[in-house]
Asker: 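Dropping a structure here in structure tokens format, bear with me for questions.
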Amino acid sequence: MNRNSAIVVVDMLYDFIDGTLACLNAEDAVEHTVSFLKANENHTWGNPPVLFIRDCHPSNHCSFKSMGVDWPEHCVEGTHGAQIHEKLLGFVNEDLTFFKGKDPSKEQYSGAEGLNAASQTLVDVLNILDCENIYVCGIATEFCVLNTVEDLLKAGFAVTVLQDCLAYVSKDGHDAALKEMKKSGAKIV
């Protein structure tokens, strides 16, 4: 990893780990992500920025079963399920945290659609930080990770997906998403 690198952690939130939408491999993905973050601290040039994406919905979000759609209620603002896993909290910087899904009428899978407290997008901040190489981990491979990676590639970043640091809804969906990301230009390691 060089000084033009950043790490993007997508939706490592309790509802996706052990809550209403618990995903396969979630606990292992958290452990591998923590190991990766620790292994990439204290370079001679400093630490790479770590940017967090957070699904954060109002209770009447359009994607919920209670609203007649597919997903169970998840990551409702202010609940434990919407919180970043405690093992990752030491890496969180509020200025580098991006919330998506706050609009009750709009589904947002990509972290590139989220905003930080200063109303900046993920792409805006990565450009401000002069990052070129983005390492991505998170939940779920076939939804929010896939969409985030595709948007980062479209924005011109070199993207590396950390396969051991992913959790997923289904193994088949995970495998298909990895193939799709690779075909789009991401490196899978």
Asker: Is there a side-chain contact between L37 and L88 in this structure, where contact means two heavy atoms from C-beta onward sitting under 4.5 Å apart?
Answerer: yes

Asker: About how many Å separate OG of S184 and CG of L153, when rounded to the nearest 0.5 Å?
Answerer: 6.5 Å

Asker: Which pairs count as ring pair (Phe, Tyr, Trp, His ring centres under 6.0 Å) when at least one residue sits in residues 165-189, sequence neighbours excluded?
Answerer: Y168-H174

Asker: Is there a donor-acceptor pair closer than 3.5 Å between any side-chain N or O of T148 and the backbone N or O of S110?
Answerer: no

Asker: Closest heavy-atom contact between L152 and V159?
Answerer: CB-CG2, 3.8 Å

Asker: Where do V149 and A186 come nearest, in terms of heavy atoms and distance?
Answerer: CG1-CB, 3.9 Å

Asker: Would a single hydrophobic cluster contain both I7 and L166, if residues Ile, Leu, Val, Met, Phe, Trp and Tyr are joined by side-chain heavy-atom contacts under 4.5 Å?
Answerer: no

Asker: For a side-chain contact (heavy atoms from CB on, under 4.5 Å) check, start with the C-alpha distance between F143 and D11, then their side-chain angles and the critical distance, and finish with the verdict.
Answerer: CA-CA 11 Å; F143 295 99; D11 290 343; over 6 Å; no

Asker: Do we see a donor-acceptor contact under 3.5 Å between the side chains of S5 and N2?
Answerer: yes

Asker: Looking at side-chain heavy atoms only, is the closest gap between E150 and E180 below 4.5 Å?
Answerer: yes

Asker: Indicate the atoms forming the closest heavy-atom contact of Q163 with L178, along with that distance.
Answerer: OE1-CD1, 3.2 Å

Asker: Does the side chain of L115 come within less than 4.5 Å of T121's, by heavy atoms?
Answerer: yes

Asker: Before you tell me yes or no, could you show the steps for M181 and T141 under side-chain contact (heavy atoms from CB on, under 4.5 Å), namely the whole-Å CA-CA distance, both residues' side-chain angles and the distance that decides it to 0.1 Å?
Answerer: CA-CA 10 Å; M181 288 185 278; T141 310; 3.8 Å; yes

Asker: Under the salt bridge (Lys or Arg N to Asp or Glu O under 4.0 Å) rule, what do K100 and D55 come out as? Steps first, then yes or no, please.
Answerer: CA-CA 5 Å; K100 61 183 175 62; D55 221 21; 2.9 Å; yes

Asker: Ring-plane angle category for H80 and Y14, please: parallel below 30°, perpendicular beyond 60°, tilted otherwise.
Answerer: parallel

Asker: Under 3.5 Å, side chain of N4 to main-chain N/O of C131, donor-acceptor pair present?
Answerer: no

Asker: If Ile, Leu, Val, Met, Phe, Trp and Tyr residues are connected whenever their side-chain heavy atoms lie under 4.5 Å apart, and connections chain through other members, are V145 and V30 in the same group?
Answerer: no

Asker: When you measure from the side chain of E142 to the backbone of V169, do you find a donor-acceptor pair of N or O atoms at a distance under 3.5 Å?
Answerer: yes

Asker: Enter the distance from C165:SG to Y135:OH here, rounded to the nearest 0.5 Å.
Answerer: 12.0 Å

Asker: Checking I128 against Q120 for the side-chain contact (heavy atoms from CB on, under 4.5 Å) test, could you report, in this order, the C-alpha distance in whole Å, the side-chain angles of both residues, the deciding distance, and whether it holds?
Answerer: CA-CA 10 Å; I128 290 167; Q120 297 165 307; 3.4 Å; yes

Asker: If you measure from OH on Y109 to CG on D151, what distance do you get to the nearest 0.5 Å?
Answerer: 14.0 Å

Asker: Measure the NE2-CG distance between H32 and L162 for me, rounded to the nearest 0.5 Å.
Answerer: 11.0 Å

Asker: Please say yes or no: joined through hydrophobic side-chain contacts below 4.5 Å, possibly via intermediate residues, are F16 and V92 part of one cluster?
Answerer: yes

Asker: Do D164 and F36 make a side-chain contact, defined as non-hydrogen atoms from C-beta onward lying under 4.5 Å apart?
Answerer: no

Asker: Answer yes or no: is there a donor N or O on one side and an acceptor on the other, between the side chain of R54 and the main chain of L13, under 3.5 Å?
Answerer: no

Asker: Can you give me the closest heavy-atom contact between A167 and A29, atom names plus distance?
Answerer: N-CB, 4.0 Å

Asker: Please answer: with hydrophobic residues joined when any side-chain heavy atoms are less than 4.5 Å apart, are I139 and V8 in the same cluster?
Answerer: no

Asker: Rounded to the nearest 0.5 Å, what separation is found between the CG atom of L96 and the CG atom of N116?
Answerer: 7.5 Å

Asker: Regarding K171 and D175, does a basic nitrogen lie under 4.0 Å from an acidic carboxylate oxygen?
Answerer: yes

Asker: According to a 4.5 Å side-chain heavy-atom criterion applied to Ile, Leu, Val, Met, Phe, Trp and Tyr, with indirect links allowed, do M12 and L122 form part of one hydrophobic cluster?
Answerer: no

Asker: Should N40 and V50 count as side-chain neighbours, where that means a heavy-atom distance under 4.5 Å?
Answerer: no

Asker: Would you please test N133 and M1 for side-chain contact (heavy atoms from CB on, under 4.5 Å) and show each step?
Answerer: CA-CA 8 Å; N133 304 298; M1 187 173 292; over 6 Å; no

Asker: Report yes if some heavy atom in the side chain of F52 is under 4.5 Å from a heavy atom in the side chain of L89; otherwise report no.
Answerer: no

Asker: To the nearest 0.5 Å, how far apart are CD in E27 and NZ in K87?
Answerer: 6.5 Å

Asker: Evaluate the side-chain proximity of V136 to V10: yes if any heavy-atom separation is below 4.5 Å, no if none is.
Answerer: yes

